[in-house]
Amino acid sequence: MYAQMVDTGVKKIKTLEEMTQEEQAFQKKIDDEIKIEPKDWMPEKYRQTLIRQISQHAHSEVVGMLPEGNWVTRAPTLKRKLQLMAKIQDEAGHGLYLYSACETLGVSRDDLVEDLHSGKAKYSSIFNYPTLNWADMGAVGWLVDGAAIVNQVVLQRTSYGPYSRSMIRICKEESFHQRQGYEILLTMMREGNDAQKQMVQDAIDRLWWPSLMMFGPRDDDSPNSQQSLAWKIKRQSNDELRQRFIDQTIPQLEVLGCTVPDPDLKWNEETGHYDFGEIQWQEFYQVLKGNGPCNRDRIRTRKKAIDDGAWVREAALAHAEKHRDSNAA
Amino acid sequence: MTINMDTQSNSQSEALYDYLLRLGDSPLILGQRLCEWCGHAPALEEEIAIMNIGLDLIGQCRNWLELAAKTADNGQDADKLAFTRDAHQYRNLLIVEQPNGNFADTMARQYFYDAWHLFTLEALCNSNNRDIAEIAAKAVKEVRYHLRRSREWIIRLGDGTELSQQRMQQAIDDIWMYTGEMFEMDDIEKTLVQEGCAADQQQIKQRWLDEVAETLATATINHPDPDAYMQQGGKQGVHTEGLGFILAEMQFLQRAYPNATW
């Protein structure tokens with residue numbers, strides 16, 4: 001899940017009686033599972049919420065290239081290098097579709113990127129953690145893309161058409177990344193030496209809790225969820241999605257022969273789910289505020305890339321402008 | 001005096017091995033340089049294109065190095081060749097190991113290499129070594145696109161703004177001295193050309209010069225001095241200072257954990 005704590009700007013959800021006719025018609029479409037398309041009427045707050053959520057997701061794809069770029073020059077074999085390059089390329093592509101989906105709501109990519117660089121827009125907290133050894137490339141694929149898929153599979157049914165269609169496309173590629181990530185870890189655990197096995201456990205120890213934080217705050221502390229659920233921008237609550245992720249991930253962890261750093265994790269026969277310990281919410285909110293280990297570096301790096309490239313983009317525009325007539329002819 | 005046939009065929013296969021390393025090492029090192037751009041490109045579209053071209057190059061390198069390993073038949077494989085040879089054993093062209101610099105520097109390096117690469121691969125499609133011809137035929141389709149893109153960037157930046165033209169001109173001037181090596185044929189290449197196995201750089205050179213002259217003219221970039229002094233040595237294993245650092249980074253895991261499975 002690449003969007004956390006998306007503000008809807010709504011204090012209280014309106015009842016049907018409180019809605020205008022337009023709002024009622026809109027809500028009826030939503031309730032009847034009819035997709036909202038760019039030209040359809042929509043409440044301004046629905047539009048703003050979508051912009052925030054989709055752009056957060058797009059920014060996450062782009063910022064998420066950085067922790068992988070940290071290892072792409074050091075991948076251990078040609079096969080692993082090729083896989084990682086292909087994954088990074090997919091992520092840039094996802095960023096591009098999502099920015100396009102967002103542009104259908106009447107904002108420009110440049111403005112969205114500006115909001116990222118100024119700190120106004122967020123991206124997933126997970127990418128503010130460093131990638132410290134090669135196994136992180138496996139663990140990011142398995143846990144981070146895994147957590148993203150749990151959310152995105154549900155978002156394939158989100159109410160806004162262009163977002164839903166982007167999700168369908170993105171999910172296919174993400175599942176592939178997740179399997180590839182898991183295979184990196186499995187190879188290191190099954191065929192690796194002790195040092196490699198330690199790398200895997202170390203990566204899981206560092207990334208486990210931040211992966212759970214990707215689902216956002218507990219439902220009780222998620223003031224915007226109700227409106228997003230009513231609008232079917234979100235389809236399931238943070239806690240439901242987090243539980244599903246844990247339930248499907250622990251058996252895979254056992255196959256690896258690794259552990260997670262949670263002494264309270266245990267199967268609960270009665271509920272049919274895993275119980276788990278309390279997330280360090282203070283850390284989560286601090287990372288969102290900009291105080292994670294890599295927040296500053298990530299944003300500075302992205303801003304520098306776009307600033308340093310300004311002359312290239314300007315030149316491309318100037319060239320196109322000069323040759324507009326001959327191109328049109 | 002009788003010719004020792006074994007010695008002759010040994011030296012032939014050594015020459016072939018060396019030539020295959022030359023073909024494989026250049027795309028590997030250029031692909032590695034392109035990886036350094038990850039997250040730093042001037043636009044998202046360029047992130048995709050740079051990674052895409054890097055992927056093609058490293059995929060091609062894997063094919064060449066696998067064939068080199070098969071030719072040497074000494075227990076090597078493509079990964080051992082890529083990750084355990086030191087700089088003096090690398091046979092890539094000097095041009096590909098030059099630093100990324102700014103986007104114009106990267107594009108000037110790419111364009112000069114792409115044009116050479118495409119014409120060389122086209123020649124290799126007619127190699128009498130079937131393995132070489134097959135790899136070249138596959139790569140040629142990818143490299144045709146690489147050249148189209150880098151040519152477009154030379155033109156866009158050259159004939160763009162005043163600043164971009166200045167940067168493009170500087171980039172072309174700076175990298176020029178590394179282009180001559182591409183066409184220098186030592187005994188290894190000459191022998192293989194005679195055998196019908198390698199690309200004849202004498203024939204490629206004029207095509208390359210024509211291509212470059214046309215593009216630079218369209219891009220309003222002054223053509224560098226064709227008789228300028230040229231650097232060489234990469235194909236014989238004498239490199240610039242940059243390569244050692246490229247390898248130190250690229251080979252880190254294989255060096256730190258020898259013989260591990262990844």
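Just so we're on the same page: letters track the sequence lines, and every chain starts at 1. None of the values given here were measured: they were computed from a predicted structure.
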**Message:** Whether Glu183(A) and Arg190(A) form a salt bridge (side-chain N of Lys/Arg under 4.0 Å from carboxylate O of Asp/Glu) is what I want to check.
**Reply:** no

**Asked** Is there a donor-acceptor pair under 3.5 Å between the side chain of Asn63(B) and the backbone N or O of Ile135(B)?
**Response** no

**Most chain B-contacting option - heavy-atom pairs closer than 4.5 Å, from Glu321(A), Lys81(A), Glu68(A)** = Lys81(A)

**Request:** Please report the C-alpha distance between Glu91(A) and Lys87(A) in whole Å, then the side-chain angles of each, then the deciding distance to 0.1 Å, and finally whether the salt bridge (charged side-chain N to carboxylate O under 4.0 Å, His left out) criterion is met.
**Result:** CA-CA 6 Å; Glu91(A) 277 150 8; Lys87(A) 180 172 192 271; 3.1 Å; yes

**Prompt:** Where on Ala41(B) is there a heavy atom nearer than 4.5 Å to chain A: the side chain, the backbone, both, or neither?
**Reply:** backbone

**Request:** Please flag which part of Arg74(A) lies under 4.5 Å from any non-hydrogen atom of chain B: side chain, backbone, both or neither.
**Result:** both

**Message:** As an exercise: rank Met168(B), Glu152(B), Glu47(B) by heavy-atom pairs under 4.5 Å with chain A and give me the winner.
**Reply:** Glu47(B)

**Item:** chain B contact via Lys304(A) - which portion, at a heavy-atom distance below 4.5 Å
**Value:** neither

**Asked** Using a cut-off of under 4.5 Å for heavy-atom pairs, which of Asp159(B), Asn259(B), Leu253(B) has the most such pairs with chain A?
**Response** Asp159(B)

**Request:** Return yes if some donor-acceptor pair links the side-chain N/O of Arg91(B) with the main-chain N/O of Gly234(B) below 3.5 Å, else return no.
**Result:** no

**Fill in**
If you tally heavy-atom pairs under 4.5 Å between each of Glu162(B), Gln254(B), Glu45(B), Glu36(B) and chain A, the highest tally belongs to Glu45(B)

**Prompt:** Does the distance from a Lys or Arg side-chain N to an Asp or Glu carboxylate O, for Glu173(A) and Arg169(A), drop under 4.0 Å?
**Reply:** no

**Message:** Using a 3.5 Å distance criterion without hydrogens, assess whether the side chain of Asp174(B) forms a donor-acceptor pair with backbone atoms of Ala171(B).
**Reply:** no

**Contact class of Met199(A) relative to chain B, heavy atoms under 4.5 angstrom** = side chain

**Request:** Please flag which part of Tyr257(B) lies under 4.5 Å from any non-hydrogen atom of chain A: side chain, backbone, both or neither.
**Result:** side chain

**Winner by heavy-atom pair count (cut-off under 4.5 Å) against chain B, out of Thr187(A), Thr301(A), Leu317(A), Leu96(A)** = Leu96(A)

**Request:** Verify salt bridge (charged side-chain N to carboxylate O under 4.0 Å, His left out) between Arg206(A) and Asp136(A), making sure each step is shown before the conclusion.
**Result:** CA-CA 9 Å; Arg206(A) 280 181 289 104; Asp136(A) 286 32; 2.7 Å; yes

**Message:** Looking at chain A, which one of Gln165(B), Arg33(B), Glu249(B) has the largest number of heavy-atom pairs inside 4.5 Å, strictly under?
**Reply:** Glu249(B)

**Message:** If I measure from the heavy atoms of chain B, does Asp308(A) come under 4.5 Å with its side chain, its backbone, both, or neither?
**Reply:** neither

**Side-chain (Ser26(B)) to main-chain (Leu93(B)) donor-acceptor, under 3.5 angstrom** = yes

**Complete:** Comparing Val113(A), Thr73(A), Val72(A), Leu82(A) against chain B, the one with the most heavy-atom pairs below 4.5 Å turns out to be Thr73(A)

**Prompt:** Does one side chain, of Asp205(A) or Gln201(A), offer a donor that lies under 3.5 Å from an acceptor on the other?
**Reply:** yes

**Request:** Heavy-atom distances under 4.5 Å only: say whether Arg167(B) touches chain A with side chain, backbone, both or neither.
**Result:** side chain

**Item:** Parallel, tilted or perpendicular: ring planes of Phe252(B) versus Trp71(A), cut at 30 and 60 degrees
**Value:** tilted

**Request:** Taking atom types as modelled, find out whether Thr215(B) and Tyr111(B) have a side-chain donor-acceptor pair closer than 3.5 angstrom.
**Result:** yes

**chain B contact via Ala75(A) - side chain, backbone, both or neither, heavy atoms under 4.5 Å** = backbone

**Asked** So which of Leu84(A), Ile88(A), Asn70(A), Leu78(A) has the largest heavy-atom pair count under 4.5 angstrom toward chain B?
**Response** Leu78(A)

**Complete:** From the list Leu34(B), Ile155(B), Leu65(B), the residue making the most non-hydrogen contacts under 4.5 Å with chain A is Ile155(B)

**Request:** Check whether the side chains of Gln110(B) and Asp114(B) place a donor and an acceptor atom closer than 3.5 Å, and report yes or no.
**Result:** yes

**Asked** Is it the backbone or the side chain of Ala49(B) that comes under 4.5 Å from a heavy atom of chain A, or both, or neither?
**Response** neither

**Request:** Could you have a look at Gly309(A), Gly138(A), Ala195(A), Ala92(A) and say which one has the most heavy-atom pairs with chain B under 4.5 angstrom?
**Result:** Ala92(A)

**Prompt:** Relative to chain A, which segment of Trp37(B) carries a heavy atom at a distance below 4.5 Å: side chain, backbone, both, or neither?
**Reply:** neither

**Request:** Examine whether an atom of Leu28(B) lies under 4.5 Å from a heavy atom of chain A, and if so say whether it belongs to the side chain, the backbone or both; otherwise answer neither.
**Result:** side chain

**Complete:** Under 4.5 Å to a heavy atom of chain B? For Arg109(A) that would be side chain

**Prompt:** Tyr129(A) and side chain to side chain contact (heavy atoms under 4.5 Å, CB included): which partner among Val144(A), Val140(A), Val287(A), Asn295(A)?
**Reply:** Val287(A)

**Message:** What part of Gln89(A) gets within 4.5 angstrom of chain B, counting heavy atoms only: side chain, backbone, both, or neither?
**Reply:** both

**Asked** How about Gln89(B): does its CD atom have over 12 heavy atoms from other parts shown lying under 6.0 Å from it?
**Response** yes

**Asked** Quick one: which residues of residues 51-66 of chain A reach chain B at under 4.5 angstrom, heavy atoms only?
**Response** Val62(A), Met65(A), Leu66(A)

**Prompt:** Are Asp18(B) and Arg22(B) close enough, and set up right, to give a salt bridge (charged side-chain N to carboxylate O under 4.0 Å, His left out), and what steps lead you there?
**Reply:** CA-CA 6 Å; Asp18(B) 212 275; Arg22(B) 292 177 188 189; 3.3 Å; yes

**Prompt:** Hey, what's the ring geometry for His223(B) with Trp176(B), parallel, tilted or perpendicular (30° and 60° as the breaks)?
**Reply:** perpendicular

**Request:** Could you tell me whether the side chains of Gln198(A) and Asp194(A) share a donor-acceptor contact shorter than 3.5 Å?
**Result:** no

